[in-house]
Amino acid sequence: MTVHTPRLIRDGLGAIARPLPRPLRRLAAEMFGAFGLVFLGAGAAVVDYATDGSLGRVGIGLSFGLAVFTMVLAFGRVSGAHINPAVTIGLWLAGEFPGRRVPGYIAAQIVGALIAASVLHGLFRNSGGELGSTGPAGTWEQSFGMEFMLTFFLMYAILAVGHQWRASLPLVAATAGAVVGLEATFAGGISGASMNPARSFGPGAIAWFWDHHWIYWAGPILGAAVASALHLVMRERSEEG
């Protein structure tokens, strides 16, 4: 007598789950990637505030870097794991990403950041700290300049490693994570070292903290645009196309 094991028991959720269409998979990957970045990165700032500085600037910087590294590894094969509107725009300007996908990617990134900030608010609503929101610690000129330069280096590193050297996904993830971790560690005390409009918008919107918020859109987008332009004139002709 043959005993038939129910498929759900035998195969788990694989028995009923079906892959999303590819366009939806890309958007979902960007949303979850941005969620992870904000929850783990901005969340580190929230935990540091709630525990009287237990992580410190280095701990927060490492958290951001490791969050980027993890999200790029997890979702890079699906969407490219931009998880950052400035990176999406920079890749488009460099000819590495189709313009028709830019609005959807940015919308998904913003939604992911908003959800993550909402979860942090639910967990830490009584601890203060504006949910890891970014704002200038000194003058707005300092923060604008920092956000421009930080994103410039991040964008150029992504393009140089990912395109010029045809690197594997782990190397691209490690490069992006290392740059973000370094920059968040040394510049976080000045501008918050956002480098990412979605990362700033999510906590800012939920905490309703808008101190010079425009900096965290204009600085990173301009920095990414200049890095993309430099990449186009610096690459070898054999790398074109």
Side-chain angles (χ1 to χ4, degrees), residues 26-88 105-106 108-135 147 150-151 154 157-158 169-189 191-207 209 216 220:
R26 293 192 189 108
L27 296 180
E30 286 300 306
M31 183 186 73
F32 285 117
F35 175 93
L37 170 63
V38 173
F39 184 78
L40 299 172
V46 174
V47 170
D48 184 68
Y49 185 93
T51 56
D52 297 321
S54 63
L55 292 177
R57 182 60 56 194
V58 173
I60 296 172
L62 287 175
S63 295
F64 269 108
L66 290 171
V68 169
F69 173 73
T70 303
M71 293 304 108
V72 173
L73 276 184
F75 298 109
R77 297 294 184 198
V78 180
S79 68
H82 302 179
I83 60 177
N84 182 340
V87 170
T88 296
Y105 265 51
I106 293 176
Q109 293 154 4
I110 290 173
V111 169
L114 285 169
I115 295 173
S118 298
V119 173
L120 289 172
H121 175 67
L123 294 173
F124 296 95
R125 66 181 68 207
N126 295 321
S127 66
E130 286 85 32
L131 301 177
S133 298
T134 51
E147 289 300 315
L150 296 176
T151 313
L154 173 62
I158 290 171
L169 179 62
L171 181 55
V172 174
T175 300
V179 173
V180 168
L182 168 64
E183 294 183 340
T185 298
F186 97 86
S191 68
S194 173
M195 303 165 267
N196 185 333
R199 173 264 178 272
S200 290
F201 182 80
I206 301 303
F209 182 82
Y216 302 97

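Side chains are part of it too, since the values below use all heavy atoms of this structure and drop only hydrogens, waters and symmetry mates. Fair warning: this is a prediction, and the values are worked out from it, not measured in the lab.
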Taken to the nearest 0.5 Å, the spacing of Arg199 CZ from Ile83 CD1 works out to 12.0 Å

Supply the atom-to-atom distance Leu182 CG to Leu62 CG, rounded to the nearest 0.5 angstrom. 10.5 Å

Taking all atoms of both residues into account, what is the closest heavy-atom pair of Ala67 and Leu40, and its distance? CB-CB, 3.8 Å

Is the closest side-chain donor-acceptor distance between Ser194 and Ser200 under 3.5 Å? yes

Of the non-hydrogen atoms in Ser79 and Glu30, which two are nearest, and what is the gap between them? OG-OE2, 2.6 Å

side-chain contact (heavy atoms from CB on, under 4.5 Å) with Leu37: of Val180, Val72, Asn196, only one passes, and it is Asn196

Shortest non-hydrogen contact from Asp48 toward Leu55: OD1-N, 2.9 Å

His82 and Tyr105 aromatic ring geometry - parallel, tilted or perpendicular at 30°/60° bounds: tilted

Is a donor on one side and an acceptor on the other found under 3.5 Å between the side chain of Tyr216 and the backbone of Ser191? yes

Closest non-hydrogen atom pair between Phe69 and Pro170, with its separation: CE1-O, 4.1 Å

Separation of Gln109 CD from Leu114 CG (nearest 0.5 Å): 12.0 Å

Nearest heavy-atom neighbours spanning Pro197 and Asn84: CD-OD1, 3.4 Å

